[in-house]
Amino acid sequence: MISVLVDNIGELVTNVAGSGEGGPLGIRRRVAVLVEDGEVAWIGPAADAPAADRRIDAAGAAVLPGFVDSHAHLVFAGDRAAEFAARMAGEPYTGGGIRTTVGATRAASDGELRATVRRLHAEALRQGTTTIEIKSGYGLTVADEARSLRIAAEVSAETTFLGAHVVPAEYAARPDDYVSLVCGPMLAAAAPHARWIDVFCERGAFDADHARAILACGQAMGLGVRVHANQLGPGPGVRLGVELGAASVDHCTHLTDADVDALASTAMDDGQSATVATLLPGAEFSTRSPYPDARRLLDAGVTVALATDCNPGSSYTSSMPFCIALAVREMGMTPAEAVWAATAGGARALRRDDTGVLRPGARADLIILDAPSHLHLAYRPGVPLVRQVLHNGVPR
């Protein structure tokens with residue numbers, strides 16, 4: 001693999017605290033970055049930059065770690081634009097439309113699902129997302145969940161089994177039987193293709209007892225825990241995630257003081273919480289729901305990540321820059337906090353230390369903005385500011 005030198009950098013966001021300006025962003029100036037064999041090999045003063053096979057002139061622009069989108073649903077078929085229009089006309093979001101996508105996904109061919117996953121993955125990459133988690137959850141049969149994860153694994157190592165998305169229509173009167181299916185044959189078929197297990201612990205989906213049983217079975221199969229929690233109202237999801245040592249509890253729109261305290265209680269030696277609160281502002285934008293209070297979480301010492309929740313029903317966006325702008329405008333985050341949450345925070349939510357950061361030995365995932373500072377990601381919402389992406393050291 002060729003070596004690449006990125007120089008003439010106006011602002012380098014490293015996410016290495018104490019290595020430069022900007023607190024946790026670790027901003028450095030007048031530096032260059034050398035990439036070799038898919039990793040960051042060297043960062044240092046531009047005047048001391050070593051030779052490389054190829055040079056990329058950043059032209060004074062900002063360079064950041066690639067975005068880490070730790071919550072996305074890319075394996076689906078069909079379209080729910082009419083449902084979106086109905087919400088914009090005043091209908092509430094209940095999560096019931098998931099079953100519409102389940103029907104379309106079951107009817108789709110492998111080729112159709114693969115084309116959608118690859119299209120959305122490429123779309124996200126163009127916008128600077130270099131690591132993306134992909135969930136199943138729109139098949140809800142043994143065969144359909146397994147094939148969803150096989151297809152997802154073709155583009156990402158971060159795959160999540162979400163057989164417990166909703167109870168499918170054919171099991172509506174027998175939810176206990178569906179939980180048994182998820183814990184048994186479905187998990188057995190899905191686990192070889194997944195790193196994580198997730199449950200939609202919410203009214204109208206799975207209660208605490210069912211969610212706990214499913215997640216415990218996933219843990220016994222070696223899968224890490226994630227939880228959809230407290231999106232539609234207060235509930236047990238956040239505290240269940242903390243109880244089970246979840247890497248992340250996602251949505252966190254409706255939190256009690258006890259929920260916040262539970263998350264804060266997982267603090268580690270570096271001051272970050274072991275269970276991350278992953279906030280998904282695209283969902284609130286698309287459902288006209290209240291936004292999560294990121295400021296409350298941050299002030300309590302909870303680690304916060306931002307992700308897109310890309311899915312056809314409640315957040316059909318693959319744009320992490322859009323989510324950064326929403327977090328700053330609507331959720332009480334500073335631009336620096338939002339950028340950290342969309343990079344290092346997402347990596348924490350996936351329990352990764354090789355991405356979301358720029359330091360020697362980390363993956364060479366970085367983006368060059370068409371702007372002099374990370375501030376422009378919130379300052380210029382809706383503008384395509386990602387000029388170039390290096391993914392695993394390869395310019396895209």
Side-chain angles (χ1 to χ4, degrees), residues 66-77 98 101-102 105-106 108 110-125 129-166 182-183 185-200 214-215 217-228 241 244-250 276 278 280 305 307-312 315 318 320 346-356 363 365 391-392:
F67 299 124
V68 180
D69 186 351
S70 59
H71 184 126
H73 307 250
L74 305 189
V75 190
F76 64 85
I98 292 170
T101 301
V102 169
T105 302
R106 288 177 176 178
D110 286 8
E112 290 169 329
L113 295 180
R114 182 172 288 111
T116 296
V117 170
R118 293 189 174 184
R119 172 178 60 84
L120 292 172
H121 181 261
E123 182 180 279
L125 183 61
T129 297
T130 52
T131 302
I132 190 166
E133 180 259 17
I134 304 175
K135 303 179 190 295
S136 65
Y138 290 121
L140 308 188
T141 68
V142 172
D144 286 308
E145 286 296 294
R147 74 163 176 158
S148 293
L149 289 163
R150 283 197 303 270
I151 291 168
E154 293 173 3
V155 300
S156 178
E158 299 294 345
T159 54
T160 299
F161 170 48
L162 183 59
H165 201 179
V166 294
V182 172
C183 288
M186 193 181 289
L187 176 59
H193 313 289
R195 183 180 177 212
W196 304 96
I197 187 168
D198 196 347
V199 172
F200 190 23
I214 292 166
L215 294 171
C217 289
Q219 284 182 309
M221 292 285 285
L223 303 182
V225 170
R226 322 185 72 73
V227 185
H228 280 61
L244 296 178
S248 181
V249 290
D250 299 20
V276 174
T278 299
L280 311 169
T308 64
D309 193 17
C310 183
N311 75 82
S315 184
S318 58
M320 289 291 277
R348 292 268 185 167
L350 295 173
R351 293 197 168 153
R352 298 277 294 271
D353 61 8
D354 63 332
T355 189
R363 269 179 38 177
D365 290 344
H391 185 216
N392 289 326

- Does Arg114 pair with Glu112 as a salt bridge, N-O distance under 4.0 Å? no
- Message: Among Thr278, Asn311, Asp309, which residue satisfies the side-chain hydrogen bond (donor to acceptor under 3.5 Å, both in side chains) criterion with His71?
- Response: Asp309
- Message: Has Asp198 got a side-chain atom pairing as donor or acceptor with His228's backbone, closer than 3.5 angstrom?
- Response: yes
- Is Thr105 reaching over with its side chain to a backbone N or O of Ala77, donor-acceptor style, under 3.5 angstrom? yes
- Is Glu154 salt-bridged to Arg118, cutoff N-O under 4.0 Å? yes
- Item | Side chain to side chain, Leu187 and Val182, heavy atoms closer than 4.5 Å | no
- Message: Tell me whether Glu158 contacts the main-chain N or O of Ile132 through its side chain, where contact means a donor paired with an acceptor under 3.5 Å.
- Response: no
- Message: Measuring only between side-chain heavy atoms, which start at C-beta, is Leu140 closer than 4.5 Å to Arg106?
- Response: yes
- Task: For the pair Asp365 (side chain) and Asn392 (backbone), establish whether a donor and an acceptor sit closer than 3.5 Å, ignoring hydrogens and angles.
- Result: yes
- Item | Arg195/Glu133 under salt bridge (charged side-chain N to carboxylate O under 4.0 Å, His left out): CA gap, chis, key distance, verdict | CA-CA 10 Å; Arg195 183 180 177 212; Glu133 180 259 17; over 6 Å; no
- Side chain Glu145, main chain Ala190, donor-acceptor under 3.5 Å: no
- Query: How are the rings of His73 and Tyr138 set to each other: parallel, tilted or perpendicular (split at 30° and 60°)?
  - Reply: tilted
- Query: Taking Thr129 for the side chain and Leu125 for the main chain, is one N or O donor matched with an acceptor at less than 3.5 Å?
  - Reply: no
- Heavy-atom check, side chain of Leu215 versus side chain of Gln219, under 4.5 Å: no
- Note on the structure: In terms of heavy-atom contacts, Leu223 and Ala191 come closest through CD2-O, 4.2 Å
- Item | Check: Arg363 and Arg352 side chains under 4.5 Å, non-hydrogen atoms | yes
- Query: Asp69 and Thr308: side-chain donor and acceptor closer than 3.5 Å?
  - Reply: yes
- Query: Do any N or O atoms from the side chain of Arg226 and from the backbone of Ile197 form a donor-acceptor pair under 3.5 angstrom?
  - Reply: no
- Task: Indicate the atoms forming the closest heavy-atom contact of Ile134 with Ala152, along with that distance.
- Result: CG2-CB, 3.6 Å
- Message: Tell me if a side-chain donor or acceptor on Ser136 pairs with a main-chain N or O of Leu162 at a distance below 3.5 Å.
- Response: yes
